[in-house]
J.: 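Sending over a structure as structure tokens; questions will come in a sec.
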Amino acid sequence: SVEMYGGGELDQLVEAFNAMSRQLADSRERAERAQQLLQQARDLLELRVAERTQDLMDVNERLLHEVAERARAEELLAQAARSDPLTGLMNRRAMLEHLEYQAARFQRNQVPFSLLLGDLDLFKSINDTFGHDAGDQALIQTTHFLVHGIRTQDLVARWGGEEFLILLPDTDLEGGLVVAEDLREGLAAQALRIGEETLRLTLSLGVAHYRADQTLNECIKAADAALYRAKIQGRNRVVAALHGLKGQAAAA
């Protein structure tokens, strides 16, 4: 602001100058205020963007956790559908998938495989004498023995009740009989501790090998028939399927 008095045109010029100065001052004040408001809006926007970004990250993390939990639940369900809840062995359904693979492998490359169908002898007497908990423990301990008594490539399943099916890939009938006999002798020699009782279990086994002129179901039935003959011949023994060893109707 300029203060000057000279009269006439000079006063008008001074007044005009002062008016312009006030307008410029007001304009600068408005500009500064607008700049402040703009900065506040920008700060608020950045804060909300940061909050929203964090919210999205939290939601994404929860979604990832839920997806992982769902995948884990589905995996557990799938595993439960393929395994026996008592022994942890694969169940019949899971074993059939492996058997079908081995049958297809045989058809392509003639790679042999054998089946052992084993049944604990006089198992009902264990349940009747010592209770079902003792029977469950007998099955669990038998499972442990079988799993550790076979090769890493062999597979064992709980086929039903006290029956176990063992798949021996790359094994002919003679080899299957050797494995079956080793398992039979090993289990019979073991003393199993069930609670305060010491039990000795025996196992009867039927052995069959897969052939080109039969279906997979027929091979399983052949092993089952051999197991039946082992039972009626006195239990605690190994019997081969009737189509088995060359020149023999059956082998003990």
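Counting begins at 1 with the first residue of the sequence.
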J.: Check whether Thr143 reaches the backbone of Leu139 with its side chain - one donor and one acceptor, N or O, closer than 3.5 Å.
T.: yes
J.: Just wondering, do Leu192 and Phe145 contact through their side chains at under 4.5 Å, heavy atoms?
T.: no
J.: Give a yes or no on whether a salt bridge exists between Lys231 and Asp121, defined as a side-chain N under 4.0 angstrom from a carboxylate O.
T.: yes
J.: Quick one: does Leu199's side chain get under 4.5 Å of Phe130's, heavy atoms only?
T.: yes
J.: Indicate the atoms forming the closest heavy-atom contact of Leu203 with Arg184, along with that distance.
T.: O-CG, 3.4 Å
J.: Verify the neighbour count for atom CD of Glu29: are there more than 12 heavy atoms of other residues, nucleotides or ligands below 6.0 Å?
T.: no
J.: Tell me, yes or no, whether the heavy-atom count around Tyr228 atom OH, taken from other residues, nucleotides or ligands under 6.0 Å, exceeds 12.
T.: no
J.: Would a 4.5 Å heavy-atom cut-off, applied to side chains only, mark Met95 and Leu167 as touching?
T.: yes
J.: Quick one: are Ile220 and Leu96 in side-chain contact, heavy atoms under 4.5 Å?
T.: yes
J.: Is the side chain of Arg92 donor-acceptor paired with the backbone N or O of Trp159 at a distance under 3.5 Å, no angle test?
T.: yes
J.: In the single-linkage hydrophobic clustering (I, L, V, M, F, W, Y; side-chain heavy atoms under 4.5 Å), do Leu165 and Val178 co-cluster?
T.: no
J.: Applying salt bridge (Lys or Arg N to Asp or Glu O under 4.0 Å), name anything that partners Asp128, two or more places apart in sequence or on another chain.
T.: Lys124
J.: Start with the C-alpha distance between Leu183 and Ile166, add both sets of side-chain angles, then the distance that settles side chain to side chain contact (heavy atoms under 4.5 Å, CB included), and finish with yes or no.
T.: CA-CA 11 Å; Leu183 292 175; Ile166 301 172; 3.6 Å; yes
J.: Should Thr142 and Glu162 count as side-chain neighbours, where that means a heavy-atom distance under 4.5 Å?
T.: no
J.: Under the criterion side chain to side chain contact (heavy atoms under 4.5 Å, CB included), I'd like the reasoning laid out for Leu89 against Val147: C-alpha separation, chi angles, the key distance, then a yes or no.
T.: CA-CA 9 Å; Leu89 294 173; Val147 169; 3.7 Å; yes
J.: Looking at Gly88 and Ser83, what are the two nearest heavy atoms and their distance?
T.: O-CB, 4.3 Å
J.: Ignoring hydrogens and geometry, is there a side-chain-to-backbone donor-acceptor pair from Arg151 to Pro169 under 3.5 Å?
T.: yes
J.: Do Arg229 and Leu242 pass the side chain to side chain contact (heavy atoms under 4.5 Å, CB included) test, and can you show the C-alpha distance, the side-chain angles, and the key distance before you say yes or no?
T.: CA-CA 10 Å; Arg229 293 199 306 278; Leu242 288 175; 3.5 Å; yes
J.: Output a table of donor-acceptor pairs, distance under 3.5 Å, between side-chain atoms of residues 97-118 and any protein atom two or more places apart or on a different chain; print 'none' if there are none.
T.:
| from | atom 1 | to | atom 2 | distance (Å) |
| --- | --- | --- | --- | --- |
| Glu97 | OE1 | Arg82 | NH1 | 2.5 |
| Glu97 | OE1 | Arg82 | NH2 | 3.3 |
| Glu97 | OE2 | Arg82 | NH1 | 3.1 |
| Gln102 | OE1 | Arg105 | NH1 | 3.3 |
| Arg105 | NH1 | Asp170 | OD1 | 3.3 |
| Arg105 | NH2 | Asp170 | OD1 | 3.1 |
| Gln107 | NE2 | Tyr210 | OH | 3.3 |
| Gln110 | NE2 | Phe106 | O | 3.2 |
| Ser114 | OG | Thr171 | O | 2.9 |
| Ser114 | OG | Asp172 | O | 3.0 |

J.: Counting C-beta onward and ignoring hydrogens, is there a side-chain heavy-atom pair between Arg158 and Leu86 closer than 4.5 Å?
T.: yes
J.: Considering only heavy atoms from C-beta outward, does the side chain of Asp26 approach that of Gln23 to under 4.5 Å?
T.: no
J.: Mind listing the side-chain donor-acceptor pairs of residues 40-54 below 3.5 Å, one per line with the distance, residues two or more places apart or on another chain?
T.:
| from | atom 1 | to | atom 2 | distance (Å) |
| --- | --- | --- | --- | --- |
| Asp43 | OD1 | Gln39 | NE2 | 2.9 |
| Thr53 | OG1 | Val49 | O | 2.7 |
| Gln54 | NE2 | Asp58 | OD1 | 3.0 |

